[in-house]
Number of protein chains: 2
Amino acid sequence: MSDLAVSLADIEAAAARIEGVAVETPLLESAALNERMGLRVLIKPETLQRVGAFKFRGAYNRLVQLTEAERKRGVVAFSSGNHAQGVALAARLLGIPALIVMPADAPKVKADATAGYGAEVKFYDRLTESREKIAAAIAAERGALVVPAFDDPHIIAGQGTAGLEMVRQARARGAELGCVVVPCSGGGLLAGVATAVKALSPDTVMVGVEPAGYDDTRTSLAAGVRTPLTPTHRTLCDALESPCPGELTFPILQATVSDIAVVTDAEVAEAMRYAFSVLKLVVEPGGSAALAALLAGKVATRGAKTVGLVLSGGNVDPDQFAQVLRGEL
Amino acid sequence: MSDLAVSLADIEAAAARIEGVAVETPLLESAALNERMGLRVLIKPETLQRVGAFKFRGAYNRLVQLTEAERKRGVVAFSSGNHAQGVALAARLLGIPALIVMPADAPKVKADATAGYGAEVKFYDRLTESREKIAAAIAAERGALVVPAFDDPHIIAGQGTAGLEMVRQARARGAELGCVVVPCSGGGLLAGVATAVKALSPDTVMVGVEPAGYDDTRTSLAAGVRTPLTPTHRTLCDALESPCPGELTFPILQATVSDIAVVTDAEVAEAMRYAFSVLKLVVEPGGSAALAALLAGKVATRGAKTVGLVLSGGNVDPDQFAQVLRGEL
């Protein structure tokens with residue numbers, strides 16, 4: 001276990017750094033959801049986090065540790081949107097210049113918000129250009145630090161604070177989480193949360209959720225080795241389109257995750273509508289993936305009676321959300 | 001003060017009755033909203049309450065006090081939707097037969113949910129029929145108890161538990177509410193919350209919010225007497241269409257409320273979009289009225305630096321919400 005990039009101690013340190021800056025999102029419970037599932041579901045709504053997604057936790061934990069000299073040289077990040085906003089806001093709060101490299105087709109709300117936080121934004125074509133190369137070139141030019149979206153111990157530890165909170169908040173109401181379900185892209189959130197949860201509650205079953213066509217983590221775990229996939233189509237879950245689990249996140253997932261469920265876009269849209277009408281929460285497609293899996297009966301809870309559910313983000317274009325509400329998606 | 005229908009003690013008793021049944025909704029804070037307003041805004045999201053609106057509190061407080069004989073005879077309620085759902089769910093939980101009299105043009109989600117909780121629903125034409133007469137006739141026929149939407153001390157006390165929680169939750173984080181803003185229709189929520197807040201925090205400024213064209217409470221307070229108005233048009237705020245403050249609620253409002261702000265449908269739609277994009281919360285039109293007033297600069301906070309804001313409900317038809325998101329409303 002000591003080979004793994006992140007420990008509980010790292011996550012506790014991260015929690016101390018982000019305290020009073022990030023939101024300790026409340027643990028929510030819905031009698032209606034409990035009744036439907038025949039379970040006690042404890043919801044961790046990272047939709048209510050600053051920048052509307054869990055990404056702020058890791059970004060702030062990373063950036064606040066930069067030295068004065070590093071801060072002056074600034075940061076560069078590449079992101080589909082939520083990490084971009086997380087880095088942009090953290091950078092603004094800390095007075096650090098930030099450049100974000102985003103796909104030209106990122107949801108407009110995410111691009112606008114990123115610029116709105118004061119970051120410089122550079123768009124690229126996801127199909128023809130390599131974001132890593134672009135970011136690395138800029139970083140070399142400016143001496144800026146590249147802030148990865150998931151493959152960084154401080155980023156993973158920051159995301160893990162959500163898991164720390166979940167276990168403590170559940171215990172504060174006399175509950176033990178038998179299973180925790182988390183959306184998965186590069187695996188930063190899942191790895192961080194799993195590290196915290198398994199350290200505090202070793203018997204808890206960890207389940208990740210990926211979109212159909214982007215189940216690289218499931219494939220990789222089955223193969224025992226990181227196996228990138230070549231996507232053949234897009235998914236509604238713009239935040240979960242990483243084609244390969246991270247170098248640092250993968251070993252953590254191997255050590256902690258029992259299952260990866262896979263959800264269709266239709267199931268995700270259904271979950272968004274459910275969150276809208278029953279939970280009264282705005283959740284973006286990727287952010288709804290775990291809820292989608294739960295509602296679709298795709299979570300192997302291993303008999304758990306109390307399930308922790310992460311809603312990882314709520315940054316969705318109003319037009320797209322309207323389409324989902326209307327059943328057009 | 002002792003002439004008033006409700007006291008702090010009544011509200012504390014109500015809190016004990018609803019504990020573990022109603023949700024103690026978390027107090028939320030948005031750095032973005034604070035920044036925009038230049039204030040600390042502490043949000044009480046009754047959208048996250050059971051049935052998606054504060055109404056469940058009063059309904060349960062009332063119904064749980066019925067004797068065995070009264071329970072067998074059942075209850076009748078007339079409501080535009082949220083009280084209907086509150087009564088229907090409370091009745092189901094307590095095994096009490098319930099009949100709800102609803103306007104034929106009530107939002108479909110509210111009518112469906114009411115029936116979904118197991119209540120019998122009878123529709124009426126709001127323009128040509130009197131809901132009070134219909135309900136009274138049914139009550140006489142069945143010996144059932146009429147459960148008013150706001151003009152009942154137990155209903156008001158139940159709603160007031162939201163105010164009790166707000167003050168305590170604010171103090172738990174070291175904050176004092178200088179001003180509290182609450183949507184207002186018949187005045188049950190405003191009266192209940194004001195009773196609790198002013199008893200615990202006498203210097204707090206209470207502000208109610210009504211929709212344009214339905215500012216009967218503002219007019220009545222100015223006149224010093226209940227003054228019904230004849231509406232000349234509908235409002236987006238289907239939950240705030242009471243044309244006259246209640247007999248029991250009005251004296252409480254006279255004793256506790258400093259101001260009534262009035263918001264337009266456009267301002268309400270703007271607030272709903274703001275709640276969607278910044279707060280990641282689904283709020284119905286009437287439920288957004290206080291937020292609308294705050295965002296529009298219409299709340300006379302009297303210099304308060306910390307403002308409590310109630311989001312009273314989140315039951316809105318997906319189609320209507322989509323229209324609001326698209327700017328069509």
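Residue numbers start from 1 in every chain, and the chains themselves are labelled A, B, ... in the order their sequence lines are given, proteins ahead of strands.
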*Asks:* Count the heavy-atom pairs under 4.5 Å between each of A/Asn315, A/Thr25, A/Asp317 and chain B, then report the option with the highest count.
*Replies:* A/Asn315

*Asks:* Determine the option with the most heavy-atom pairs under 4.5 angstrom with chain B, choosing from A/Leu27, A/Val324, A/Leu325.
*Replies:* A/Leu325

*Asks:* Sort by residue number and list every member of residues 168-175 of chain B having a non-hydrogen atom under 4.5 Å from chain A.
*Replies:* none

*Asks:* What is the distance from atom CG of A/Leu48 to atom CG of B/Leu281, rounded to the nearest 0.5 Å?
*Replies:* 6.0 Å

*Asks:* Is it the backbone or the side chain of A/Glu328 that comes under 4.5 Å from a heavy atom of chain B, or both, or neither?
*Replies:* side chain

*Asks:* Please look at A/Val283 and chain B and tell me whether the side chain, the backbone, both or neither of the residue comes under 4.5 angstrom of a heavy atom of that chain.
*Replies:* neither

*Asks:* Would you check if the side chain of A/Lys280 reaches a backbone N or O of B/Val282 as a donor-acceptor pair within less than 3.5 Å?
*Replies:* no

*Asks:* Given a strict heavy-atom distance threshold of 4.5 Å, which part of A/Leu279 is in contact with chain B: side chain, backbone, both, or neither?
*Replies:* backbone

*Asks:* Which bit of B/Gln320 comes within less than 4.5 Å of chain A, counting heavy atoms only: side chain, backbone, both or neither?
*Replies:* neither

*Asks:* With a 4.5 Å heavy-atom cut-off, do A/Val23 and B/Glu29 have their side chains touching?
*Replies:* no

*Asks:* Quick one: closest heavy-atom pair of A/Pro26 and B/Leu28, and the distance?
*Replies:* CG-CD2, 3.8 Å

*Asks:* So, using salt bridge (Lys or Arg N to Asp or Glu O under 4.0 Å) as the criterion, who are the partners of A/Lys44 when residues are at least two apart?
*Replies:* A/Glu165

*Asks:* Between A/Gly327, A/Ala31, A/Ser277, A/Ala322, which shows the greatest number of heavy-atom pairs under 4.5 Å with chain B?
*Replies:* A/Ala322

*Asks:* Can you tell which part of A/Thr47 gets under 4.5 Å to a heavy atom of chain B, answering side chain, backbone, both or neither?
*Replies:* both

*Asks:* With only heavy atoms counted, which part of A/Glu284 is less than 4.5 Å from chain B, the side chain, the backbone, both or neither?
*Replies:* neither

*Asks:* Check each atom of A/Glu24 against the heavy atoms of chain B and say whether the ones under 4.5 Å are side chain, backbone, both or neither.
*Replies:* neither

*Asks:* Considering only heavy atoms, give the residues of residues 106-118 of chain B separated from chain A by less than 4.5 Å, sorted numerically, with 'none' for an empty result.
*Replies:* none

*Asks:* Taking side chain to side chain contact (heavy atoms under 4.5 Å, CB included) as the test, write out the residues that go with B/Val21, two or more places apart.
*Replies:* B/Arg50, B/Phe56, B/Tyr60, B/Leu93

